[in-house]
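Values reported hereafter were calculated over all heavy atoms of this structure, with side chains retained and with hydrogens, waters and symmetry mates removed. Letters A, B, ... mirror the listed sequences (proteins, then strands); counts begin at 1. What you see is a predicted model; the values in this text were computed from it and never measured.
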Amino acid sequence: MSTDTSRTDRTDRLADIDGYRVGLYVAIGLLVAFFLTPIESGFVTSLKTDAAVGNTAPYLPPLFGGFSIANYVTAVEVLARGMGNSLLFAVPATLLSALLGSFAAYGLTLVDWKYQVPILVLFVAGVFIPYQAVLVPLSRLYSIVNVADLLWFVWAYTPVSVQYADLVELTVTHIAYGIPICTVLFRSYYTSMSTEMMEAARLDGASIRRVYRRIVFPLSTPMFAVVLIYQFTQIWNDLLFALVIVSTGSSPAAPVTLKLAGLGASLEGLDFGLRMAGAFVAALPTLLVYIAFGDEFAEGVAS
Amino acid sequence: MRRFFDRLTQARSGRSSHRSSEDDADARDAMADGQRPATDGGVPTGAGTGDGTGSDATPTDEAGALGRGLARLDDRFGEDFVESSPFWLPPFLLMGFFVYGAIAWNVLISLTDYEGFGNADYSQLDFEMYARAFGDPTVVQAAINTFVLLIAFTGICLVLGMLIAILVDRNVRFDNTLRTIYLLPMSLSFVVTAQFWLWMYDYNNGIVNQLLGVVNLGPYNFIGNPRLVLGAVVFALVWQFSGYAMVVYLAALRAIPSEHFEAAKVDGASIPRMYWRVIVPQLKGATISAAVVLMVFALKAFDFLYSLVGGYRPPNGADILATKMVREAYQNTNWAYGSAIAVLLFLMALGVIGPYLAHQYRNDNL
């Protein structure tokens, strides 16, 4: 470290004080350790045999024959179906909520009419609702509007079992409650977008729909990446709606979070090796997305 | 944005008047087709070069009454109200039904005596469930726990997030990698992080107890001890979300002009003093918005508590309104009672969100 001549601002006066830089990097290193320790400890534990989990330090990798992938084999066995189920509703719900959010943000931001602001306030406030306040009506709604009966032909004529009606309900639920945050994210992007091209297109008589299709939608690509990644993570990680709508981890349509939460409850005692392996298997899609698109995630989080 | 559209509107009406003066016959034809003259400069004038501008407010003979009705709507709500409605109206209706419709319905259910299986009876409405909630010591305790969790979690996250942001902002290398690491826990599900922390807090083998053992403390049963569990949960949640506060603060710090740092330096202020006097006061906006979002995360701590035990009953001493509500409704099928608790939780959230939205609205920041 030390002689970075290109450094121009803020730390000039301190650039020479090496002790200061060392302290800075030590502090940052400790913070990195703080943020990574639970994940590291979980990972090494997931690779240990039951005996090694009890014998070795929780932060050390498995040593002397304590290594085993048996936990992962079991975890995949238990969770694979749940992962498939989660994918089945998370993907369409992510795509549709992002698209609808983009529509709403366009109609409320780049088009002008009166009383937009009150409508917008309702969208923004929707982001902050504690979902407990809608759970009981949601259960009532889905017992009145019975999706399993409405889509009877699907269960009758395809091998899909009737429990998968719950996933249709989950999809609709996640779309509806995802719209506010998607709208807010797209709106923050649209308000900072240059409007010259849209202005010109409108002057040439292009309709509002055409402006969206030809100009706004293509320009939204970077924001779509952010919103899709953020929404996918949120929907994949959700437990509350899955619990209320699917209700039991033993359902063949149970999403992976529900399966994982039940993983510990179904066992006598706490098998930490298996639990940690299960946690990593369940987190795998979001971890992959995060590693590949960490910057987009950070951007979605920050705005 | 609004200014841009005003300009656009003027440009368009200006163009139309220009055209009609130049080509009277054309304009008269348009009038004969049923188009009203532009009244307030807000009505599109049917510049028919594109594929549809003409259709939004130029009722033709075929369009008839419907077209005139739509044009009147446009008059009332602004020129693009009708044409843009296919974009914002469907999401708005879907969201409005599921969010605001459901909240209203929830309030209605909380006024009934609905419990068990079967249907709600809406004929007798009273506040019995609220009276019951206020007289229930477990609800009162859950409300206190919720409040403590909210304040402690938000406060610690903000302080820690600001400190990390200041550190990372001091020309540290690999700052993007650091941001990725600090935000990593946030991308994980509560269900997953609950497993990690159950292991961290393990009585025999957990890292936390091993670390405390180094300084001759413990071991403690963090999850089992009612006096420790709430603090342990707050600590785990801080681990998961302080990265968020850090990202918000870092963005705000980078937006502060370097001159402010320079000026303080010239004045000879020490670094902590400079931050305290000059920089921290400028982070007020970031603090407010981060605090609100963090409180929303705290309200979702239900998933974490549920996953800790794999059941509706959280560890003794960590019951919050969110877990109490779900337990009453979905385990004990006391639907009306659960709804009433949910309303209390909603009002608590509104107490935080309402002033924030009002503040943003006043500052034109929505």
Any heavy-atom pair between the side chains of B:Thr180 and A:Tyr290 that's under 4.5 Å? yes
Do you know which of A:Asn237, A:Leu99, A:Leu138, A:Val244 has the most heavy-atom pairs under 4.5 Å to chain B? A:Asn237
Please report the shortest heavy-atom distance between A:Leu141 and B:Trp105, naming the atom on each side. N-CH2, 3.8 Å
So which of A:Thr257, A:Val134, A:Leu243 has the biggest tally of heavy-atom pairs under 4.5 Å with chain B? A:Leu243
Show me the donor-acceptor pairs, under 3.5 Å and distance only, between side chains in residues 337-347 of chain B and residues at least two apart or in other chains.
from: B:Tyr337; atom 1: OH; to: B:Asp136; atom 2: OD2; distance (Å): 2.7
from: B:Ser339; atom 1: OG; to: B:Asn106; atom 2: OD1; distance (Å): 3.3
from: B:Ser339; atom 1: OG; to: B:Trp335; atom 2: O; distance (Å): 3.0

Hey, does the side chain of B:Tyr182 reach the backbone of A:Phe35 with a donor-acceptor pair shorter than 3.5 angstrom? no
Chain A contacts, top residue of B:Gly243, B:Ser187, B:Ala322 (heavy-atom pairs, under 4.5 Å): B:Ser187
In terms of heavy-atom pairs under 4.5 Å, which option from A:Cys182, A:Ala125, A:Ala133, A:Ser143 contacts chain B the most? A:Ala133
Of all heavy-atom pairs linking B:Val99 and A:Gly126, the shortest is CG1-CA, 4.4 Å
List the atom of B:Val326, the atom of A:Gln132, and the distance in Å for their closest heavy-atom pair. CG2-NE2, 3.8 Å
Which word best sums up how the rings of A:Phe103 and B:Phe87 line up, parallel for under 30°, tilted for 30 to 60°, or perpendicular for over 60°? perpendicular
Max heavy-atom pairs within cutoff under 4.5 Å with chain B, candidates A:Leu108, A:Leu122, A:Ile129, A:Thr183, goes to A:Leu122
Between B:Phe196 and A:Phe280, what is the ring plane arrangement, given parallel below 30°, perpendicular above 60°, and tilted in between? tilted
Can you list the steps and then say if A:Leu135 with B:Met325 is a side chain to side chain contact (heavy atoms under 4.5 Å, CB included)? CA-CA 10 Å; A:Leu135 288 184; B:Met325 179 269 153; 4.2 Å; yes
Hey, does the side chain of B:Tyr306 reach the backbone of A:Ala261 with a donor-acceptor pair shorter than 3.5 angstrom? no
I'd like to verify something: which residue of B:Val107, B:Leu89, B:Ile164, B:Val293 has the highest number of heavy-atom pairs under 4.5 Å with chain A? B:Ile164
Answer key: most heavy-atom pairs under 4.5 Å with chain A among B:Leu299, B:Ile353, B:Val168, B:Leu308 is B:Ile353
Would you please classify the geometry between the A:Phe128 ring and the B:Tyr356 ring as parallel, tilted or perpendicular, with 30° and 60° separating the classes? perpendicular
